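In what follows, a structure is listed as C-alpha cells, so that the remarks can point back to it.
Chain identifiers are assigned alphabetically (A, B, ...) following the order of the sequence lines, protein sequences preceding nucleic acid strands; residue numbering begins at 1 within each chain. Just so we're clear, the structure is a prediction, and the values are computed from it rather than from any experiment.
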2 protein chains.
Amino acid sequence: MNGRFPIALHILTLLSKSGEELTSSDYIAGSININPALARKEISNLRNLGLISSKEGKSGGYTLGKSAKQITLADVYQAVKNQPVLGVAKNTPNPDCPVGKQINKKIDELYIDLDKTLLKKLGSISIEDFANQFD
Amino acid sequence: MNGRFPIALHILTLLSKSGEELTSSDYIAGSININPALARKEISNLRNLGLISSKEGKSGGYTLGKSAKQITLADVYQAVKNQPVLGVAKNTPNPDCPVGKQINKKIDELYIDLDKTLLKKLGSISIEDFANQFD
DNA sequence: CTTTACTGTAATATTTATTATTACAGATGA
DNA sequence: TCATCTGTAATAATAAATATTACAGTAAAG
C-alpha cells in the first residue's frame, strides 16, 4: 500500500480549514512536506473527481469542490484506491489443484465483502468531521 | 501492500482440506505457485503463532495447529499484517502547520477504529467457512 | 550408520512499486 | 510583459516485495 490515502486526507483537511480562500499547491506541499509536483498530481486526481476546485494563473489555487460535509472518507478511499486493502499475490495458482483453481475467485468475493464493510464505516465520517478534530 | 494475506489464506485452506494428513512445503508452494523458500517462510510465521503444526525430517510436513473452525480470517490478518490497510505516508508533516502538527495522531486514531471494524468482519469468517466453499 | 526426504533459515539477487526531482507549457492578474 | 500560479510529463532515486540459492538440522527407512 502507498501513502496516497493519508496524503489526500491531509490535502482535503487543509482545504476544509481554508474555506473559500484559495490555497496554493506550494502551501499544501509544505504542510505535508512532500514534493509540490507530487501534491499537484494528487490534487489533480481529486479535482477530476469533483472533490477539489482549482483556479489557474497568478493568485490561483484550490478550494474544496463541494462542502466538507458532503465529502466522506469513503470518497477519499475510492479516489486513491488501487488495490484491495488486504493485498494481491502476484502468483498464478496451480490450475490443477482444486484449491488453486478456485482460490482467486473466492478471494475476490471476500474482498468485495470487506470493501463494503470498510466503505460503510468510511462513509459515516465526513471531511468536516475529520477536520473539526483539529484546533 | 504485499501478497502475504492471500498466500497465508491459501496455505491454511490447503491444510484445512488435508485434515490430519501431513502436507509438504513443496506441495503447498506448487499449489500457490511460488518459491518453496517463500512458502516455508510464511509457514514458519504461521507456525510461530500456533496456526500451523509441523513435523521435521523424512515424511515430515504440516497440519493446522488448531481446528479450522477455531481459526478466523482475523487471525490470518493479524498474522501477516505489517502496515495499516489504508497506507502510511513516509513524509513528516510540517510541525509549524496546525494541521500538519496533529494529523498523524488523528490518522492513527482513525486507523485503530478502522481496524476494529475490519477485525470484527474478519473474525466472523473461519478457515472452515472459507475452505468449505471449495469443491 | 548411511541414505533419503523433509523442515528451518539465512544471505543475496532481482524485480517491481513508490516517491522525488526536474522541466516546462499554459493561464491569469498586476 | 512580467510574475506567479496550475497542469502535466519524463525521468531519476529509493524502497519494498519477491525469487533464488544454499545449506544445516532432523527423522524415517533400509
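OP1 or OP2 of dG7(D) lies within a sub-4.0 Å distance of a side-chain N or O belonging to Y62(A). Residue S24(B) places none of its side-chain N or O atoms closer than 4.0 Å to OP1 or OP2 of dA5(C). In this structure, K90(A) does not reach the dT16(C) phosphate: none of its side-chain N or O atoms is under 4.0 Å from OP1 or OP2.
A residue-by-residue look at S59(A) and P36(A) shows that S59(A) has its nearest nucleotide of DNA chain D further toward the 5' end. When each of A89(B) and G61(B) is assigned the nucleotide of DNA chain C bearing its nearest heavy atom, the one mapping closer to the 5' terminus is G61(B). Summary of the strand contacts: Q83(A) and S25(B) both lie near DNA chain C, and taking for each the nucleotide with the nearest heavy atom, the more 5' one is attributed to S25(B).
To the nearest angstrom, P of dT22(C) lies 14 Å from CG of L38(A). Put simply, NZ on K58(B) is 13 Å from P on dT7(C), counting in whole angstrom units. Nucleotide dT18(D) holds its P atom 9 Å from the CZ atom of R4(B), rounded to whole Å. Between the P atom of dA15(D) and the CG atom of N91(B) lies a distance of 14 Å, rounded to the nearest Å. Going from atom CD of E42(B) over to atom P of dG8(C) covers 14 Å, rounded to whole Å. For N82(A) and dA17(C), the CG to C1' distance is 10 Å, given to the nearest whole Å. The distance from atom NZ of K41(A) to atom C1' of dA9(D) is 9 Å, rounded to the nearest whole Å. For the pair L22(B) CG and dA27(D) C1', the computed distance is 12 Å after rounding to whole Å.
Counting only N and O atoms by type, the side chains of S18(B) and T23(B) include a donor and acceptor under 3.5 Å apart. Side-chain contact annotation: D75(A) with Q78(A), donor-acceptor N/O pair under 3.5 Å absent.
With a 6.0 Å radius and a threshold of 12 heavy atoms from other residues, nucleotides or ligands, K41(A) has its NZ atom at or below the threshold.
Pairing each heavy atom of I11(A) with each of A39(A), the nearest pair is CD1-O, 4.3 Å.
Using a 4.5 Å heavy-atom cutoff, the side chains of L51(A) and L15(A) are not in contact.
For the side chain to side chain donor-acceptor pair (under 3.5 Å) criterion with E42(B), the lone passing option out of H10(B), R47(B), R4(B) is R4(B).
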Between Y77(B) and D115(B), is a side chain to side chain donor-acceptor pair (under 3.5 Å) present by the stated rule, with each step listed? CA-CA 10 Å; Y77(B) 169 63; D115(B) 233 40; 2.6 Å; yes
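Checking dT7(C), dT6(D), dT21(C) against the side-chain heavy atoms of E56(A) singles out dT6(D) as nearest. Residue R40(B) has its side chain nearest to dG8(C) when only dA19(D), dG7(D), dG8(C) are considered.
Taking every heavy atom of residues 45-55 of chain A and every atom of DNA chain C, pairs under 4.0 Å involve K55(A), by number.
Residue contacts for N35(B): at a heavy-atom cut-off of 4.0 Å it reaches a base atom on one of the strands shown.
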